[in-house]
Amino acid sequence: MEGLNRFQDEACSYTEGPLLILAGAGSGKTRVLTHRIAHLIEDKSVNPYNILAITFTNKAANEMRDRVDKIVGYGAESVWVSTFHSMCVRILRRHMEVLGGNNNFTIYDTDEQKTVVREVLKLLNLDPKQYPERGMLSAISKAKEEYLTPDKYEQEQGYNFRSQKIAEVYREYQKRLKQNNALDFDDLIFKTIELFEHHPEILDIYQERFKYIMVDEYQDTNHTQFMLVKMLAAKYRNLCVVGDDDQSIYKFRGANIYNILNFEEEYPDAKVVKLEQNYRSTANILNAANGVIANNEGRKDKRLWTDKEDGEKVVYECFDNEYSEAENVVRRISQLNGQGKNLSDMAVLYRTNNQSRIIEEKLIMAGVPYKLVGGTGFYDRKEIRDVLGYLKTVHNRDDEISIRRIINTPRRGIGDTTVNRIVEYAYQNNIDMFSAMDMIDEIPGAQRAAGKIKEFTELIYTLSDIYNRDGLTALYEAVIEKTDYANILKAEGTDEAKSRLENLEELKNKIVNYEEGSEYPNLTELLEEISLVADADTGIEQDDRVSLMTLHSAKGLEFPYVFMVGMEERLFPSGMSLDSDDPDALEEERRLCYVGITRAMKELRLSSASTRMVNGSRNYCKESRFIGEIPKNLIVRKGERAPGYMQKNEFGGRRGSYDDDYSFGGFGGSSGFGRSGSQGYGSGSQGYGDSLYGSGGFGGSSAKKSTSSASAKPYSSVSLDSLKGMPSGGDIDYKVGDTVKHIKFGKGTVKEIVKTGSDYEVVVDFDRVGEKKMFASLARLKKL
DNA sequence: GAACCCATCATTTTT
DNA sequence: TGATGGGTTC
């Protein structure tokens, strides 16, 4: 086949029977998959209708869809390109009834799952200390991923006290989901398997339909996904899986690396094709990655190679602290940008989400636009969830979680007591909550709120009518109007409220887009798309911005310039992996490192800090072991000083000059990153970050941070003092009428000082932001 | 019913 | 450090 190397070509041509493609990073995997589909259709005359391609993310699915559309002339749209979950939803919507369910089920996301678990724990009177909701949820999820019902789970765990409790929670949890006519993400797969097991005739329909199956990122599949694929492929056995065991980084969420490692045992007649030529990175970068991953045991034997030039060496630099690290990363970014390189060609990768904060701060100061990839999504925002709560209730009145969410939002005087009475009544009479509300007059003790409840149910009925008559956009408009949601926000008038309004506008855009772009727009499909396509990254990709993301989110992407920050023991590899008794935990971290390195095409810079603030206290850090695993001849070490070395009194020396940026050695202020002239933190600053929904919380349009002082908090010297054992607080050297300077709010006049215990409460009228009340010990005001 | 205050607790995440 | 949730108080 044209433009493919020998092995890629082989992978495309081998169409009958099981095939395992071990595709190293950057080896042209998506290319192979799309060409393979084209080959099936055009050369083998396979009906596109009989082809199924499964990916993990919607992004990957869309990308594959596009590329298939481009190279396949005719019938490409009949190929099923889908994620596991959306495939299952499609199947379940058709057949849920034979499982005794309802076809218009709601899909619960993690937040809604938590709410259910919380209620279950309360009902079962379990101490949330011993049975934390998070842990319960993950236990339930693990059980479902292993295809274990509560009974089987209990059995498997050997009927010990704890597992019996968990099984009890699991059982009750399922019961509630069923009552609410809802499924969680794991259920989507679980129920589909159940459907196929109990109804072979239905399985047969899909086996006949999907004669050729391809699964991407196979190393990320969990047990149920493995089962599902196995069932679907059992009849024709034309199963092609693609993956890279070295890029398996999702064990924590159930991915089973043995699915790929043991593929040949599961399918002894499987053909194996290895794609080992990397087309992405320079030789130095690639070999650095090879050097690191070579330290893992139990991998498939393969070695990536390239015919590209050596390129620049990998740079590693250790800085004094995380601020200095961030400044230098930003400086390099600005430098590259100054040389005409696009910001969209650069990415900063880190292990944990909270590391983004400091990088964001420094980017803002330097005026460099960025976008946060991943993190808290658009659909997690309160205002979005609220409005969607209405849509969900209209869609499925059994959805108690959504009803509870909106019944008093915005406030309409229906309190917890009333709600609990209704729910209790509903349980006692074995009816759903909404029906109970319809009988509010008969519920003892709920008379006072009866009027309000009736108004609420009327509202839902009205909304349903509007939806049925005028469609989705009208429904959205009606929700906003009849709940007064937007007006309440407008009345608030704060920046936060403004940003929430913007987010609602964005939601409306999405709904309008959906309604206009869909042949048969309906609420079920809209909500489904929203639940299953949590990515808010649709559209607005054209801007030139630096990408910030976790190493996990970076998988599947590539950038010419990559910065991996926080290369420190216990941060990366994470402390948890080091303390774990599972030796694979560290190996997974190493794979993550491998993934990170292999994202880079031209330039890779690693960095660390020798001290870092972790959970409120300053830690001394050793450089990550992964640095040492990169062959010496491929890496250049720079650095402010040797890692792990830090003079304590260095902090002390800076005390008192906190109006400077907290930085050493002539960076910061002197190199153009200083506070002066930067865009500023306060209200009204430009929307850096993803201004669409203020994802970072630093761009000024944030909805996440609620108080004005929450974001971009200055690096107050409190922690520095405590490092030296000095008491914070203490006396103040200004009085009423003095002019003082605040690190964030700037200049102002002291209006009032009140002594409160060991501290002072100070009211200052700031030139820029007006009056603020603050504690002297925290405000660190400087007399001018 | 809502505003505070204090204690607690912190990976990675897509669907 | 910081977010978050439960409990308390008005």
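Below, chain A is the first sequence line, B the second, and so on; all start at residue 1.
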Novice: Checking contacts here: which listed nucleotide (B:dT14, B:dT15, C:dG2) is nearest the side-chain heavy atoms of A:R357?
Specialist: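 Between B:dT14, B:dT15, C:dG2, the one nearest the side chain of A:R357 would be C:dG2.
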Novice: What's the shortest heavy-atom distance between A:V565 and A:Q355, and which atoms?
Specialist: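 Between these two residues, the closest heavy atoms are O-NE2, 3.8 Å.
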Novice: Taking only side-chain N and O atoms of A:R134, does any of them lie within less than 4.0 angstrom of OP1 or OP2 on B:dC9?
Specialist: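 False: A:R134 side-chain N/O out of range (4.0 Å or more) of B:dC9 OP1/OP2.
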Novice: Taking any heavy-atom pair under 4.0 Å as a contact, classify A:D184: base, sugar-phosphate, or nothing.
Specialist: nothing
Novice: Indicate the ring-plane relationship of A:Y250 and A:H552, choosing parallel, tilted or perpendicular according to the 30° and 60° boundaries.
Specialist: tilted
Novice: Using a 4.0 Å heavy-atom cut-off, does A:L183 contact any base of the nucleic acid, only the sugar-phosphate backbone, or nothing at all?
Specialist: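 Nothing, no nucleic acid heavy atom in range.
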Novice: OP1 or OP2 of B:dA2 sitting under 4.0 Å from any side-chain N/O of A:R411?
Specialist: yes
Novice: Determine: side-chain N/O of A:S86 to OP1/OP2 of B:dT15, distance under 4.0 Å, yes or no.
Specialist: no
Novice: Choosing from B:dA2, B:dT11, B:dT14, which nucleotide comes nearest the side chain of A:T57?
Specialist: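 When the side chain of A:T57 is considered, B:dT14 is the closest of B:dA2, B:dT11, B:dT14.
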Novice: Which atom pair, heavy atoms only, marks the closest approach of A:L372 to A:S356?
Specialist: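 Closest approach of A:L372 to A:S356: CD2-CB, 4.0 Å.
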Novice: A:S574 near the nucleic acid: base, sugar-phosphate alone, or nothing, with a heavy-atom cut-off under 4.0 Å?
Specialist: base
Novice: Can you tell me if the side-chain N/O atoms of A:S553 get under 4.0 Å from OP1 or OP2 in B:dT13?
Specialist: yes
Novice: Please confirm whether the shortest side-chain N or O distance from A:N615 to OP1 or OP2 of B:dT8 is below 4.0 Å.
Specialist: no
Novice: Looking for any heavy atom pair under 4.0 Å, which part of the strands does A:D186 touch: base, sugar-phosphate only, or nothing?
Specialist: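 If one applies the 4.0 Å heavy-atom cut-off, A:D186 turns out to touch nothing in the nucleic acid.
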Novice: Which listed nucleotide (B:dA2, B:dT11, B:dT15) is nearest to the side chain of A:N58?
Specialist: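 Ranking B:dA2, B:dT11, B:dT15 by closest atom to the A:N58 side chain puts B:dT15 first.
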